[in-house]
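These notes are about the structure you will find just below.
Just so you know, these numbers use all the heavy atoms, side chains as well, and skip hydrogens, waters and symmetry mates. Whatever order the structure lists ligands and atoms in, that order sets their numbers, starting from 1.
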Amino acid sequence: MAAPVSFPPNRDAALDRLQAFVLRAGVDYARDRNADLGPEARSNVSLLSPYLRHRLMTEREVVSAVLARHSFSEAEKFVQEVLWRTYWKGWLELRPAIWGRYLAELDAVRARFRGAKALASAENGTTGIEGFDDWARELVETGYLHNHARMWFASIWIFTLRLPWTLGADFFLRHLLDGDPASNTLSWRWVAGLQTIGKTYLATADNIARYTGGRFAPQGLTTSAVPLTEAPLPAVTPLLAPVSLDPDAPALLLVTPEDFHPESVFAQDRRFVQAIILADRGSGGALSEVFVAAAAHDCAGRVEAHFGCPTRIITGIDPAKLIAAAQDAQVTTIATAYAPVGHVADALRAATPVLQAAGIDLIQVQRAWDTHFWPHAKKGFFAFKEQIPRILGERF
Ligand SMILES: Cc1cc2nc3c(=O)[nH]c(=O)nc-3n(C[C@H](O)[C@H](O)[C@H](O)COP(=O)(O)OP(=O)(O)OC[C@H]3O[C@@H](n4cnc5c(N)ncnc54)[C@H](O)[C@@H]3O)c2cc1C
């Protein structure tokens, strides 16, 4: 039997995986992608998510490589899936209060469920529910779950086990190597009926048996999924206008796990005095933090070679240390790739006034991909996906 898939935490591995998958990204992907035949049989999906999540490789690179080998109509399904990620990022960027709402609810339910047996057995995979228990263990052991398993797991967590969705989202975010504040939070909300208001996702034994090739057919799942409710959604907030970095100003480069490919954010001839690489994403559990820390080291090697500057790895965003590093390097600008809504953005927002008081500007440079796609995430994915061919054709 083949070994379960693993995710070497470096860009070369990501590029190799893309090359190996690209021919299967057309009609094969559209036909087979929903099957979860187990951790040893994942050739029907790309397994690129941990790399895309931390931008060891970019959405643009993946879509370009796929469209170089397939027509748009052949690869439409795959391209749309990659763009789901962009859509969720844009949706949350337009409604950052939903991230704050998730964190506040999580704090409240964590206190209520401290020591709760039902929560421990869901996370340890000892509920007795076939499939669900296997996915809980697979998640902790590998840091990955197939998309369909994520949907079934979230549905059983919310509607059969009746556990708070925020605790499930937190369990995923800690363990998934691709754990992402937007894709994860908004997918859990979608299953719960909060995202497409009133529309829930109900996992059934038949559907699970069909798409797991008969591996699992859990008994006793609930047959009704009544949507959760919440306060109305906040109004859309304007996106921040992209800012640019003075090409001549000496600057320190800050790289975070939101974007481990600064080589394609900043101009090739840009000279940085020093680069500081953040090696934790602020949300991780065991495996995901190991992945991020190793990916940070991979990034440091590339940054040194590309920008010709010394690098330093740090954990945690401590404004006092950033100020000391900027002062040592005699610069008043710290440049970083834009951090979208999530833990890193929260930490940067908290650090900004402290840096400013010390005369240091933090400049967050946005990728053109995000600048062009995010404004179209105001409504549902259907309206968003209509824009994909035009934006790809005109801009990328
Ligand atoms: C409850 C739940 C939680 C999820 N949490 C995350 C998360 O934290 N991080 C994350 O990246 N994805 C998340 N997803 C989406 C999806 O399950 C994963 O992106 C996908 O399974 C990754 O495997 P892959 O790379 O083989 O995907 P492929 O099917 O090969 O797709 C290619 C790429 O497209 C993107 N993508 C595919 N499907 C989706 C989707 N539904 N939403 C957003 N992006 C998508 C990913 O970047 C993925 O790498 C979640 C889905 C659910 C239902």
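Listed by number with element, the atoms of ligand 1 under 4.0 Å from a non-hydrogen atom of Arg85 are 43 (C), 44 (N), 47 (O). Here is the list of ligand 1 atoms found below 4.0 Å of a heavy atom in Trp188: 1 (C). Close approach to Met151 involves these atoms of ligand 1, each under 4.0 Å from a residue heavy atom: 53 (C). Each of the following atoms of ligand 1 lies closer than 4.0 Å to a heavy atom of Gly179: 8 (O). Listed by atom number, the atoms of ligand 1 under 4.0 Å from Ser183 heavy atoms are 6 (C), 7 (C), 9 (N), 10 (C), 12 (N), 13 (C), 43 (C).
Remark: minimum distance from atom 15 (C) of ligand 1 to any protein heavy atom is reached at Asn147 OD1, 3.9 Å. Counting protein heavy atoms only, atom 8 (O) of ligand 1 is closest to Asp180 N, 3.0 Å. Closest to atom 29 (O) of ligand 1 among all protein heavy atoms lies Tyr29 OH, 2.6 Å. What sits closest to atom 6 (C) of ligand 1 on the protein, heavy atoms only, is Arg150 NH1, 3.2 Å. Scanning the protein for heavy atoms near atom 19 (O) of ligand 1, the closest one is Ser49 CB, 4.2 Å. Nearest non-hydrogen protein atom to atom 23 (O) of ligand 1 is Tyr144 OH, 2.9 Å. The protein atom (non-hydrogen) at minimum distance from atom 3 (C) of ligand 1 is Asn184 OD1, 3.5 Å. Atom 47 (O) of ligand 1 has Leu52 CD1, 3.4 Å as its closest protein atom, hydrogens excluded (heavy atom only).
With a 4.0 Å cut-off on non-hydrogen atoms, Phe153 does not touch ligand 1 at all. With a heavy-atom cut-off of 4.0 Å, Asp178 touches ligand 1 through backbone and side chain alike. Residue-level proximity to ligand 1 for Glu81 is carried by backbone and side chain together, each with a heavy atom below 4.0 angstrom. Using a 4.0 Å cut-off between heavy atoms, Trp88 contacts ligand 1 through its side chain alone, with no backbone atom that close. Within the 4.0 Å heavy-atom criterion, the part of Phe78 lying near ligand 1 is the side chain and not the backbone. With a 4.0 Å heavy-atom cut-off, ligand 1 is reached by the side chain of Leu176 but not by its N, CA, C or O.
Note that Arg302 lies outside the cation-pi zone of Phe260, set by a 6.0 Å cut-off to the ring centre and a 45° limit from the axis. The cationic group of Arg150 lies under 6.0 Å from the six-membered ring centre of Tyr144 and within 45° of the ring axis, placing it in a cation-pi geometry.
Residue Thr185 holds its OG1 atom at 10.0 Å from CH2 of Trp91, rounded to the nearest 0.5 Å. The distance from the OG1 atom of Thr333 to the CG atom of Leu254 is 13.0 Å, given to the nearest 0.5 Å. Atom-to-atom distance recorded for Leu52:CG and Asp178:CG is 9.5 Å, nearest 0.5 angstrom. Rounding to the nearest 0.5 Å places CG of Leu56 at 5.5 Å from CZ of Phe291.
Evaluated for a salt bridge (charged side-chain N to carboxylate O under 4.0 Å, His left out) with Glu258, the options Arg53, Arg367, Arg281, Arg55 yield exactly one hit, Arg53.
Across the listed options Leu47, Thr185, Asn44, Leu177, Leu47 owns the non-hydrogen atom lying nearest to atom 24 (P) of ligand 1. Among Ala25, Ser187, Ser46, the residue whose heavy atom lies closest to atom 27 (O) of ligand 1 is Ser46.
Hydrophobic clustering, with ILVMFWY side chains joined whenever heavy atoms are under 4.5 angstrom apart, groups Leu233 together with Phe381.
Inspection of the Tyr338 and Glu93 side chains reveals an N or O donor paired with an N or O acceptor under 3.5 Å. Under the 3.5 Å distance criterion, with hydrogens and angles disregarded, a donor-acceptor pair is assigned to the side chains of Trp99 and Asp346.
Inter-residue side-chain proximity for Ile360 and Leu322 is flagged as unmet; no heavy-atom pair is nearer than 4.5 Å.
Ring pair Phe7/Tyr51 is tilted by interplanar angle, where 30° to 60° counts as tilted. Note: Phe171 and Trp157 have parallel aromatic rings, judged against thresholds of 30 and 60 degrees for the angle between ring planes.
For the pair Val191 and ligand 1, no heavy-atom separation below 4.0 Å is found.
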